[in-house]
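The structure appears right after this line, and notes come after that.
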Amino acid sequence: MAHETEDLTTFLIKSGRGVKGLSEMELKDLPKEYLQPQSERPSNMKIMEEASIPIIDVSNWDDQAVLKSLCDAAQKWGFFQIINHGVPLEVLENVKRATLALFAMAPEDKRNYFKENSPSNHVRLSTSFIPEVENALEWKDYLSLFYVSDDEAFALWPTICRDQLLDYMNKCQVVIKSLLQVLLKGLNIQEINEENWSLLSGSKRINLNFYPKCPKPELTVGVGRHSDVSTFTILLQDDIGGLYVRAPDGESWVHVPPIPGALVINIGDALQIMSNGKYKSIEHRVIANGSKDRISIPLFVNPKPSKMIGPLKEVLVESDEEPKYKEVLYSDYTLYFYRKAHDGKGTLEFVKI
């Protein structure tokens, strides 16, 4: 077993081929490392067919009805899609094209970005989630980029996708700012001071996810059940589908259908903590696809790693509630997340009072 796993690691990581390389071999069977336990397989998902997460037109962020729709969605679903958000369609298409171009690179070029070879831990290509701690692997390759500044990105990010991503992140600034203002108004915080901007959106990470077609999608997952550790996440997905979110009943799953030009927003653990549980960070997962490759690009808007996060004092005063979460250094919170396999909302338990 150890020898076979070593061979698989060599193939996936050391050769730079990733799970995309396995997919291209057109295997009849799935390598056993990818066999998920029965409980995590798609056949065990109870799907709520008729339900849909909210789809919200944000052409006017100042409209009270828009504010109400967004805050209601953040409380009930923790997930919603936004349309007419102002990020040009061409910019979204450029990001998708650049993502495909990155994963179409030759393995020997991609190998330079695997964390063993990468010049910086701010740029790392990886496969699955954290292979060294997972009992079963996920059918996905991804590039993860931690954003510090345009200058650093110019120096370190792969040139094949760098300019498109920076343009996209820049164009998303209005969405980030507007969404934060609206969500905080929903917590009765009317003005965001400098301190809170840094607390809520002081760091960013963007991932390029590639889910190659899979020989036995019913036996594995694209991504296992988890909630994000972000303040919120802005997800750009292609037209393939496969993202499912936990329904408000806590049992069923709801598909998030691709809508051309839309962005999917989901609340992360940091905002659930800071809102003292008013806004919900919801479990989600991706199923593997037997016939097509899928890509998605999440932009994680995060607290600054050096900040302490806990329920905002304004929220506690306003609602006259006791804190439900203890304060934690944000970098410690994320470290805990990245130390273990995807496990639903296990990270949040770490700070519950």
Side-chain angles (χ1 to χ4, degrees), residues 113 115 118-126 129-130 132-133 142-157 162 165-166 168-170 172-173 175-177 179-180 183-184 187 189 192-209 226-235 265-277 279 281 297-315 323-343 345-353:
Y113 296 108
K115 65 174 182 229
S118 177
S120 162
N121 64 353
H122 291 169
V123 177
R124 57 166 209 274
L125 193 59
S126 194
F129 175 54
I130 314 282
E132 45 284 21
V133 298
Y142 67 102
L143 176 70
S144 189
L145 301 165
F146 183 77
Y147 176 82
V148 171
S149 66
D150 281 9
D151 287 350
E152 188 192 271
F154 263 97
L156 296 176
W157 291 11
R162 176 191 72 198
L165 293 176
L166 287 173
Y168 171 63
M169 289 174 77
N170 182 29
C172 277
Q173 271 309 110
V175 174
I176 293 170
K177 206 166 177 177
L179 201 50
L180 273 179
L183 291 170
L184 284 199
L187 300 173
I189 299 173
I192 306 181
N193 58 29
E194 204 47 53
E195 180 64 21
N196 277 350
W197 278 121
S198 169
L199 180 63
L200 292 153
S201 61
S203 72
K204 294 183 188 73
R205 178 181 293 283
I206 192 163
N207 284 6
L208 312 188
N209 295 331
H226 69 289
S227 62
D228 293 350
V229 289
S230 56
T231 298
F232 60 79
T233 305
I234 300 175
L235 178 81
I265 309 289
N266 65 283
I267 304 300
D269 290 357
L271 191 54
Q272 177 166 333
I273 291 166
M274 290 192 272
S275 69
N276 206 33
Y279 294 143
S281 168
I297 302 93
L299 168 56
F300 302 99
V301 177
N302 300 326
K304 208 170 176 173
S306 59
K307 293 284 184 190
M308 294 295 290
I309 62 164
L312 295 168
K313 58 181 181 300
E314 300 94 327
V315 173
K324 295 175 184 160
Y325 308 96
K326 52 184 188 236
E327 288 211 49
V328 60
L329 185 68
Y330 185 64
S331 56
D332 286 348
Y333 189 80
T334 54
L335 203 60
Y336 184 69
F337 177 71
Y338 287 114
R339 267 203 208 124
K340 59 189 175 36
H342 282 142
D343 62 348
K345 293 192 67 174
T347 318
L348 209 51
E349 295 301 318
F350 171 62
V351 292
K352 268 203 174 131
I353 290 178

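When a residue number appears, it is its place in the shown sequence, counting from 1. What you see is a predicted model; the values in this text were computed from it and never measured. The figures that follow rest on heavy atoms only: side chains count, while hydrogens, waters and symmetry mates do not.
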For this session: May I have the step-by-step check of side-chain contact (heavy atoms from CB on, under 4.5 Å) for Leu179 and Ile265, ending in yes or no?
Result: CA-CA 10 Å; Leu179 201 50; Ile265 309 289; 3.5 Å; yes

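- Contact check for Leu180 versus Thr231: side-chain heavy atoms found under the 4.5 Å cut-off.
- For the pair Val351 and Tyr333, the minimum side-chain heavy-atom distance is below 4.5 Å.
- Looking at residues two or more places apart in sequence or on another chain, you find a side-chain hydrogen bond (donor to acceptor under 3.5 Å, both in side chains) between Ser230 and Thr233.
- Smallest separation of non-hydrogen atoms from Arg124 and Asn121: NH1-O, 4.2 Å.
- In this structure Ser306 satisfies the side chain to side chain contact (heavy atoms under 4.5 Å, CB included) test together with Lys304, sequence neighbours excluded.
- Residues passing the side-chain hydrogen bond (donor to acceptor under 3.5 Å, both in side chains) test with Asp150, sequence neighbours excluded: Tyr147.
- Expressed to the nearest 0.5 Å, how far CG of Leu271 lies from CG of Leu200 amounts to 7.0 Å.
- Summarising the geometry of Leu156 relative to Tyr113, their closest heavy-atom pair is O-CE2, 4.2 Å, with the distance given to 0.1 Å.
- Rounding to the nearest 0.5 angstrom, the gap separating the SG atom in Cys172 from the CG atom in Leu299 is 5.5 Å.
- Remark: Lys307 pairs with Glu195 by the side-chain hydrogen bond (donor to acceptor under 3.5 Å, both in side chains) rule, at least two apart or across chains.
- Inter-residue side-chain proximity for Asp228 and Asp269 is flagged as unmet; no heavy-atom pair is nearer than 4.5 Å.
- Atoms CD1 and OG, from Ile192 and Ser198 in turn, are 12.0 Å apart once rounded to the nearest 0.5 Å.
- Between Ser144 and Arg205 there is a side-chain heavy-atom pair separated by less than 4.5 Å.
- Side chain of Gln272 to backbone of Ser281: a donor-acceptor contact under 3.5 angstrom is found.
- For the atom pair Asn196 CG and Leu184 CG, the distance stands at 7.0 Å (nearest 0.5 Å).
- For the atom pair OG1 of Thr334 and CD1 of Ile309, the computed distance is 9.0 Å after rounding to the nearest 0.5 Å.
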Problem set entry | Candidate pair Lys352 and Lys324, rule side-chain contact (heavy atoms from CB on, under 4.5 Å), full reasoning | CA-CA 6 Å; Lys352 268 203 174 131; Lys324 295 175 184 160; over 6 Å; no

For this session: Would you sort out whether Ile206 and Tyr168 count as a side-chain contact (heavy atoms from CB on, under 4.5 Å), showing the intermediate values?
Result: CA-CA 10 Å; Ile206 192 163; Tyr168 171 63; 3.9 Å; yes

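- With sequence neighbours left out, the ring-ring contact (aromatic ring centres under 6.0 Å, His included) criterion links Phe146 to His122.
- Looking at residues two or more places apart in sequence or on another chain, you find a side chain to side chain contact (heavy atoms under 4.5 Å, CB included) between Glu327 and Met308.
- Closest heavy-atom contact between Leu183 and Tyr279: O-OH, 2.6 Å.
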For this session: I would like to know whether Asn302 and Tyr330 meet side-chain contact (heavy atoms from CB on, under 4.5 Å); could you show each step before the answer?
Result: CA-CA 9 Å; Asn302 300 326; Tyr330 185 64; 3.6 Å; yes

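- In this structure the side chain of Asn207 reaches within 4.5 angstrom of the side chain of Phe300, judged on heavy atoms.
- Considering all non-hydrogen atoms of both residues, Pro323 and Ile353 come closest at O-CD1, 3.5 Å.
- Rounded to the nearest 0.5 angstrom, Ser149 OG and Phe154 CZ are separated by 10.5 Å.
- Within the 4.5 Å cutoff, no side-chain heavy atoms of Leu143 are placed close to those of Trp157.
- Asn276 is linked by a side-chain hydrogen bond (donor to acceptor under 3.5 Å, both in side chains) to Glu321, counting only residues two or more places apart in sequence or in another chain.
- Contact check for Met274 versus Tyr325: no side-chain heavy atoms found under the 4.5 Å cut-off.
- Looking at heavy atoms from C-beta onward, Ile273 lies in side-chain contact with Leu348 at the 4.5 angstrom threshold.
- Considering only residues two or more places apart in sequence or on other chains, Lys326 meets the salt bridge (Lys or Arg N to Asp or Glu O under 4.0 Å) condition with none of them.
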